[in-house]
Amino acid sequence: MTETGVEIQVFELVDGLQEAAARHATEVLQATTSGQDIRIALSGGSTPKRFHVLLAESEGIDWSRVHVYWGDERTVPPDDAESNYRMARETLLDRVAIPPEQIHRMRGEIDPTEAADEYEQTLRETFGVEPPDVPRFDLNILGAGADGHTASLFPGTAALEERERWVVANHVPQQDSWRLTLTYPVLNAARLTLVLVSGSGKADAIRRIFDPNEPDKPPAAFVQPDGQIIWLLDEGAAAGLER
Ligand code: 6PG
């Protein structure tokens, strides 16, 4: 039975946040030892790096049953310093034995529209689902930017309106670039979502997400999954919350 609901956990230091995230993820991934395939979507950015290193050190995971995807990707080659795939490879994938055919990166190096179409097909084939069903990740890792974006769902961009497609190429004027991103239908189907947010620079975004009177909710506020969502914050990021 998938748990539901929203939980906010605040940690004095970012290490506590990272360790808690690794514990939650390990709990999900340990189902692999009873023969269950687990599908996870990873986030980009810098916050997940320590979480990945800790997860790679976790016990009791049969990595041969883990299938890895991404929530978003930059339109760069996989060896680029900006690549979310490269960050995950260096901090997690090179440290655990996941069969290469179970690592499904978004191909940021090709035409973004083609890459989005290709990834949509990858999801259909590997989850074995067709619309109107939606691929349901067992675990979805997200971050949030100071502007309240999550994945590559940035304020004021077209991808925010997408309710049919699972993956889109999203032009992000504020980044002067194209991004690949999962859309809300997929993000909101996940069984467990962990949102890792650290630093005082994110405090206003977190306030806007949770303030019921906020008139201009940022994109991350609309991640309201069917399953459980746990926001893991450090004191800096949580500074704007009523507590
Ligand atoms: C990306 C991420 C993005 C990230 C936030 C926070 O591709 O950049 O998917 O949504 O989670 O920008 O990034 P930091 O963890 O670096 O603050």
Side-chain angles (χ1 to χ4, degrees), residues 1-9 21 24-25 27-29 31 37-45 47-48 51 67-73 84 104 106 116-117 119-145 147-170 172 179-197 202 205-212 214 216-233 237:
M1 175 65 186
T2 300
E3 286 193 50
T4 59
V6 181
E7 190 178 341
I8 300 176
Q9 297 178 351
H24 286 299
E27 203 173 309
V28 172
L29 290 169
D37 283 350
I38 296 291
R39 292 181 172 78
I40 64 176
L42 298 179
S43 173
T47 306
F51 157 68
H67 303 253
V68 177
Y69 301 77
W70 275 263
D72 73 327
E73 186 55 280
N84 291 340
H104 307 286
M106 296 176 168
D117 291 347
Y119 209 70
E120 183 119 353
Q121 192 53 31
T122 296
L123 293 176
R124 287 176 185 228
E125 287 168 4
T126 58
F127 278 80
V129 297
E130 293 291 335
D133 291 337
V134 178
R136 188 179 294 279
F137 283 99
D138 296 296
L139 176 61
N140 182 27
I141 308 298
L142 291 174
D147 61 356
H149 80 262
T150 192
S152 282
L153 299 171
F154 284 82
T157 60
L160 299 180
E161 308 309 319
E162 182 60 51
R163 294 295 178 273
E164 302 301 324
R165 287 186 56 98
W166 302 341
V167 189
V168 293
N170 192 31
V172 183
R179 293 281 192 97
L180 298 167
T181 188
L182 297 184
T183 58
Y184 285 121
V186 178
L187 300 186
N188 285 334
R191 292 188 173 86
L192 173 60
T193 302
L194 301 178
V195 192
L196 283 59
V197 190
K202 310 286 181 74
I206 294 296
R207 179 196 61 74
R208 291 171 62 214
I209 289 163
F210 291 103
D211 177 352
E214 167 61 38
D216 179 23
K217 288 287 185 183
F222 299 96
V223 176
Q224 298 170 7
D226 300 339
Q228 187 182 13
I229 182 166
I230 304 175
W231 290 77
L232 297 110
L233 313 175

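None of the values given here were measured: they were computed from a predicted structure. When reading the values below, keep in mind they use all heavy atoms of this one structure, side chains included, and skip hydrogens, waters and symmetry mates.
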Rounded to the nearest 0.5 Å, what's the gap from [atom1] on [X] to [atom2] on [Y]? Could you check?
X: E130; Y: E125; atom1: CD; atom2: CD; answer: 9.0 Å
X: Y119; Y: D72; atom1: OH; atom2: CG; answer: 10.0 Å
X: T183; Y: E161; atom1: OG1; atom2: CD; answer: 12.0 Å
X: D226; Y: T193; atom1: CG; atom2: OG1; answer: 9.5 Å
X: Q228; Y: E7; atom1: CD; atom2: CD; answer: 6.0 Å
X: W70; Y: L182; atom1: CH2; atom2: CG; answer: 12.0 Å

Side chain proximity check, [X] to [Y], heavy atoms < 4.5 angstrom:
X: W231; Y: I206; value: yes
X: Y69; Y: I40; value: no
X: E73; Y: L42; value: no
X: V167; Y: L123; value: yes
X: Y184; Y: L160; value: yes

If you compare all heavy atoms of [X] against all heavy atoms of [Y], which two are closest, and at what distance to 0.1 Å?
X: V186; Y: V134; result: CA-CG1, 3.8 Å
X: I141; Y: L196; result: CG2-CD1, 4.2 Å
X: V172; Y: F154; result: CG1-CG, 3.6 Å
X: P225; Y: L187; result: CB-O, 4.0 Å
X: P155; Y: P219; result: N-CG, 3.6 Å
X: S152; Y: R179; result: OG-NH1, 2.8 Å

Would you confirm whether [X], through its side chain, and [Y], through its main-chain N or O, come within 3.5 Å as a donor-acceptor pair?
X: E162; Y: E164; value: yes
X: R191; Y: G227; value: no
X: K202; Y: A144; value: yes

inquiry  = Quiz question: by atom type and distance under 3.5 Å, do the side chains of H24 and Q9 form a donor-acceptor pair?
reply    = yes
ask   = Is it true that the side chains of N170 and T181 contain a donor and an acceptor less than 3.5 Å apart?
value = no
key: Partner of L194 by side chain to side chain contact (heavy atoms under 4.5 Å, CB included), out of I229, L142, I230, N140   = I230
inquiry  = Could you tell me if R39 sits above the aromatic ring of F127, with its cationic atom closer than 6.0 Å to the ring centre and no more than 45 degrees from the axis?
reply    = yes
ask   = Does CD belonging to Q121 count more than 12 external heavy atoms closer than 6.0 Å?
value = yes
request  = Return the set of residues passing side-chain hydrogen bond (donor to acceptor under 3.5 Å, both in side chains) with H104 (not counting sequence neighbours), or none when no residue passes.
outcome  = none
Under the side-chain hydrogen bond (donor to acceptor under 3.5 Å, both in side chains) test, residues paired with N188 that sit two or more places apart = none
Residues R208 and D147 bridged, charged N to O under 4.0 Å = no
